[in-house]
Amino acid sequence: MQRMSTLFLRTLRDDPADAEVPSHRLLVRAGYIRRIAPGVYSWLPLGVRTLGRVSRIVRQEMDRMGGQEVLFPALVPRDLYETSGRWTEYGDLLFRLQDRRGADYLLAPTHEELFTTMVKGELSSYKDLPVTLYQVQTKYRDEARPRAGILRGREFVMKDSYSFDLDDEGLQRSYDAHRAAYVRIFTRLGLDHRIVAAVSGAMGGSASEEFLAPAVNGEDTFVQCTSCDYAANTEAAEVQAAPEQDPSTRPPLQVLDTPGTPTIETLVAVLREQGHDLDASQTLKNVVVTLRSPGGAEELLVVGVPGDRDVDLKRLGANVEPAEVVPFDDFAGHPGLVRGYIGPQVLADLGIRYLVDPLVVRGSAWATGANQEGRHAVGVVMGRDFEPAGTIPAAEVRDGDPCPRCGSALSVDRGIEIGHIFQLGKKYANAFSLDVLGPDGKPVRVTMGSYGIGVSRAVAAIAEQCNDEKGLVWPRGVAPFDVHVVAVGKGDDQRVAAERLALELEEAGLDVLLDDRGGSPGVSFKDAELLGVPSILVVGRSLAEGTVELRDRRAGTSTDVALADAVTAVLADVRG
RNA sequence: CGGGGAGUGGCGCAGUGGUAGCGCUCCACGUUUGGGACGUGGUGGUCGCGGGUUCGAGUCCCGUCUCCCCGACCA
């Protein structure tokens with residue numbers, strides 16, 4: 001039993017000035033966390049209890065799916081990360097330091113290198129596989145801009161696991177097992193979550209899905225179908241394209257004088273004046289970018305998207321990995337590209353690669369640049385007047401776009417990335433030559449899966465989803481206590497009865513918080529609501545009639561129960 | 001890195017060149033006890049840092065550091 005009179009806690013009456021999002025505001029106000037440096041937080045007893053409950057659920061489910069826990073140093077020497085290439089690849093995101101002899105170390109941002117070398121050191125036979133190892137520990141990333149309290153910190157607790165398999169089929173089984181375990185974990189955590197298709201990003205690998213907790217303050221944007229179960233990160237999102245048409249049935253291309261129309265808006269206005277009934281969605285916007293490959297080589301690329309949409313640089317960027325998209329403005333160096341009047345008709349001749357968003361289909365007719373200052377062309381048909389080198393998802397995805405599976409409207413929403421699973425493949429196995437001997441005595445290169453859960457971030461994500469104007473409202477599984485017993489009233493009777501009930505509840509196996517401070521009732525009630533324990537048992541004025549009050553924090557309801565039935569009622573609440 | 005804002009007791013904030021303040025918190029005593037109660041008395045601050053102007057700087061000037069927010073970035 002924890003008594004409020006001795007609990008290391010101070011709640012704040014005012015919101016901290018530096019906190020914007022609810023999770024940050026409330027976790028600080030309710031005394032769960034305190035800021036130490038940008039993106040670095042201390043956890044107070046209430047916070048530790050909640051973080052501990054979240055970690056325990058994660059561990060239980062990882063163990064249940066056959067994972068085995070290991071613990072790595074946070075402080076690791078440079079050479080391991082030199083071997084994998086990440087000492088340089090990670091760039092400024094890596095916390096680096098030196099020991100007294102000047103040897104380079106880093107604070108691990110993630111532990112692929114350690115997992116891989118550990119397995120390499122211990123296992124050497126195909127009979128040892130498959131195996132899944134996991135860790136729950138603090139990791140470090142020198143984020144350019146930490147924000148929103150523990151939602152995006154520079155030091156954070158993460159569960160990372162890795163599966164080691166002999167072949168793709170094994171990897172798929174490990175991946176599926178993790179996916180199922182993650183669903184159980186997030187369900188037990190009380191998190192509303194979505195599994196969305198993702199791009200695997202800089203980590204390489206193929207199949208990749210993210211677990212997102214929908215929240216208005218989330219940093220990730222994703223789409224979900226309003227009628228089927230399709231969901232994807234915007235980077236990976238697909239949109240159903242219009243049907244293709246036969247290019248030969250289209251009216252011929254026509255070049256028009258459209259002076260002073262370097263933007264879609266001005267173009268549409270002028271075309272309308274000239275009697276062409278068009279809107280922006282029937283224009284083709286061609287955006288020039290430079291692609292810089294990891295080796296430093298640069299290539300010009302023009303991307304075509306419907307004119308009523310912007311290019312989504314994140315989406316485009318994710319689809320040109322590992323190359324990087326760099327803004328282009330060297331029109332002087334490329335006289336063939338007429339700023340504001342670029343059309344795809346001549347790009348092939350200029351030797352410039354042209355890709356279109358999948359919304360631009362064969363046989364579609366467009367108003368677009370005529371590659372001369374002040375001139376545009378209408379009736380420009382893909383497959384007749386130009387032929388792109390391919391398609392690339394680059395246009396912004398919008399609410400109402402058709403679902404690629406069923407054609408219903410997609411909805412665009414924000415979410416917090418709480419988990420990411422993907423098939424890493426052989427990147428690290430290759431870097432560290434991780435082989436085991438196969439049945440035929442020949443080495444087999446191991447294939448890996450990588451699966452992460454942001455544990456401290458999950459605490460913030462839960463707080464983000466579970467709060468009201470009064471404070472936090474924890475789901476049962478993660479609340480710092482199962483029940484919050486509040487004694488109010490000036491007499492000793494309430495205090496004595498509350499003490500006895502708290503003891504009985506504890507004996508029944510519950511984690512009990514007892515407010516024995518004896519201050520004014522308002523303070524106790526406000527604090528109880530702020531802290532967010534889901535069941536609040538009030539021992540107050542109705543004690544004279546032999547009853548106590550059992551409140552449901554979430555519903556805001558209150559039930560009178562006989563003193564003798566109180567323990568049973570709380571247990572039913574907590575376990576029900 | 002670009003843009004915006006802010007640095008004054010534990011928290012939130014005011015401060016007009018002239019004795020550093022208010023609310024909350026905290027401590028003591030008394031009253032109070034079903035919605036952050038009241039009274040009286042108290043604790044707590046080198047006003048981010050360094051220069052400068054001035055008889056005198058929290059306030060004006062120069063420099064610098066830090067933090068927060070939006071964007072860029074981000075397994």
Side-chain angles (χ1 to χ4, degrees), chain A residues 9-21 24-25 28-29 31 34-40 84 86 89-94 108-113 115 139-149 151-154 156 158-162 198-205 208 210 217 219-220 235 313-314 317-318 321 324-327 417 419-424 427-428 448-454 457 470-471 486-495 515 517-530 536 538-544 548-549 551 558:
Chain A
L9 170 74
R10 165 178 274 169
T11 55
L12 304 179
R13 194 176 290 221
D14 299 313
D15 283 334
D18 61 351
E20 299 277 322
V21 303
H24 187 195
R25 224 176 57 228
V28 171
R29 260 193 72 198
R34 291 287 182 259
R35 196 191 76 96
I36 295 301
V40 179
S84 63
R86 294 208 299 177
E89 261 178 37
Y90 241 97
D92 291 337
L93 207 55
L94 207 53
T110 172
H111 283 87
E112 281 83 351
E113 288 80 357
F115 276 102
K139 309 212 175 187
Y140 300 85
R141 285 180 207 170
D142 193 2
E143 295 283 352
R145 189 157 95 77
R147 69 185 85 181
L151 216 39
R152 178 173 208 80
R154 295 191 297 166
F156 51 95
M158 181 150 208
K159 187 286 301 179
D160 244 349
S161 50
Y162 292 86
V199 290
S200 38
M203 295 304 298
S208 174
E210 281 176 12
N217 291 306
E219 291 186 278
D220 285 35
E235 283 93 331
L313 284 173
K314 277 191 177 178
E321 292 259 356
E324 185 188 354
V325 176
V326 185
E417 183 185 354
H420 194 174
I421 55 177
F422 66 102
Q423 301 189 11
L424 185 54
K427 172 170 177 175
Y428 292 92
M448 295 165 58
S450 166
Y451 320 91
I453 289 178
R457 177 182 283 181
K470 294 174 177 170
V486 180
V488 298
K490 57 180 166 184
D492 284 340
D493 293 355
Q494 285 90 349
R495 191 87 62 87
D515 189 346
R517 293 175 298 178
S520 68
V523 173
S524 291
F525 291 147
K526 292 286 186 197
D527 276 344
E529 282 151 357
L530 180 59
I536 301 168
V538 180
V539 182
R541 63 183 171 200
S542 69
L543 185 67
V548 292
E549 223 177 290
R551 294 186 181 180
S558 174

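Below, chains carry the letters A, B, ... as their sequence lines are ordered, and counting in each starts from 1.
- Considering every non-hydrogen atom in both A:Asp15 and A:Arg29, the closest pair reads OD1-CD, 2.9 Å.
- A:Glu417 comes within contact range of no nucleotide atom at all, as no heavy-atom separation falls under 4.0 Å.
- Both A:Val488 and A:Pro146 lie close to RNA chain B; mapped to their nearest nucleotides by heavy-atom distance, the more 5′-ward contact belongs to A:Val488.
- Within the 4.0 angstrom heavy-atom criterion, base atoms lie near A:Gly540.
- Interatomic distance, A:Arg551 CZ to A:Phe525 CZ, rounded to the nearest 0.5 Å: 4.5 Å.
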key: CA sep, side-chain torsions, deciding dist, call: A:Tyr428, A:Glu113, side chain to side chain donor-acceptor pair (under 3.5 Å)   = CA-CA 7 Å; A:Tyr428 292 92; A:Glu113 288 80 357; 4.5 Å; no
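- At a cut-off of 3.5 angstrom, counting only N and O atoms as typed in the model, there is a donor on one side and an acceptor on the other between the side-chain of A:Glu549 and the base of B:G34.
- Across B:G2 and B:G10, the matching P atoms stand 33 Å from one another, rounded to whole Å.
- A:Glu529 contributes a side-chain N or O that forms a donor-acceptor pair with the base of B:G35 under 3.5 Å.
- Applying the 4.0 Å criterion to OP1 and OP2 of B:A37, one finds that A:Ser520 has a side-chain N or O inside that range.
- Contacts of A:Arg34 with the nucleic acid, taken as non-hydrogen atoms under 4.0 Å apart, are absent.
- Comparing the P positions of B:G7 and B:C60 gives an interatomic distance of 12 Å, to the nearest angstrom.
- The residue A:Thr11 sits close to a base: some heavy atom pair falls under 4.0 Å.
- B:U8 and B:G15: their C1' atoms are spaced 9 Å apart (whole Å).
- Using the Watson-Crick or G-U wobble rule with both distances under 3.5 Å, B:G71 pairs with B:C1.
- The minimum heavy-atom distance between A:Gly540 and A:Gln494, with the atom names listed, is O-NE2, 3.3 Å.
- Distance noted for atom C1' between B:C62 and B:C26: 40 Å (whole Å).
- Contact between A:Glu210 and A:Asp220 at its shortest, heavy atoms only, is OE1-OD2, 3.4 Å.
- Ion pairing between a basic and an acidic side chain is recognised when a charged N comes within 4.0 Å of a carboxylate O; A:Arg145 and A:Glu143 show no such pairing.
- Here the P atom of nucleotide B:C73 and the CZ atom of A:Arg154 are 20 Å apart, to the nearest Å.
- Partner assigned to B:G21 is B:C13, using Watson-Crick or G-U wobble distances below 3.5 angstrom.
- Regarding A:Arg495, its CZ atom lies at a distance of 15 Å from the P atom of B:U33, rounded to whole Å.
- Side-chain atoms of A:Ser524 and A:Lys526 include no donor-acceptor pair closer than 3.5 Å.
- Spacing between B:G34 and B:C22 at atom C1', rounded to whole Å, works out to 31 Å.
- Here the separation of B:C73 from B:G5, taken at their P atoms, is 24 Å to the nearest Å.
- Residue A:Arg145 places no side-chain N or O under 4.0 Å from the OP1 or OP2 atom of B:A72.
- In terms of phosphate contacts, A:Arg13 brings no side-chain nitrogen or oxygen within less than 4.0 Å of OP1 or OP2 of B:G36.
- Between the side chains of A:Glu112 and A:Thr110, a donor-acceptor pair is found at a separation under 3.5 Å.
- As the counterpart of B:G41, B:C27 is assigned, both hydrogen-bonding distances of the Watson-Crick or G-U wobble pattern falling under 3.5 Å.
- Using a 4.0 Å heavy-atom criterion, one finds that A:Ala487 contacts no nucleic acid atom at all.
- The minimum heavy-atom distance between A:Pro16 and A:Arg25, with the atom names listed, is CD-O, 4.0 Å.
- The separation between A:Arg517 atom CZ and B:G35 atom P is 16 Å, rounded to whole Å.
- Proximity of A:Lys490 to the phosphate of B:U33: a side-chain N or O atom is located under 4.0 Å from OP1 or OP2.
- Base pairing annotation: B:U53 forms no Watson-Crick or G-U wobble pair, as no partner gives both donor-acceptor distances under 3.5 Å.
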Report, one pair per line, the protein and nucleotides 6-14 of chain B atoms (nitrogen or oxygen only) whose separation is under 3.5 Å.
{"residue": "B:G12", "atom": "OP1", "partner": "A:Ala17", "partner atom": "N", "Å": "2.9"}

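- Among the protein residues, A:Arg551 comes within range of the nucleic acid bases, having at least one heavy atom under 4.0 Å from a base atom.
- Summarising the geometry, the separation between CG on A:Asp515 and P on B:U33 is reported as 18 Å, rounded to the nearest angstrom.
- Using C1' as the reference atom, B:G4 and B:G23 are 29 Å apart when rounded to the nearest Å.
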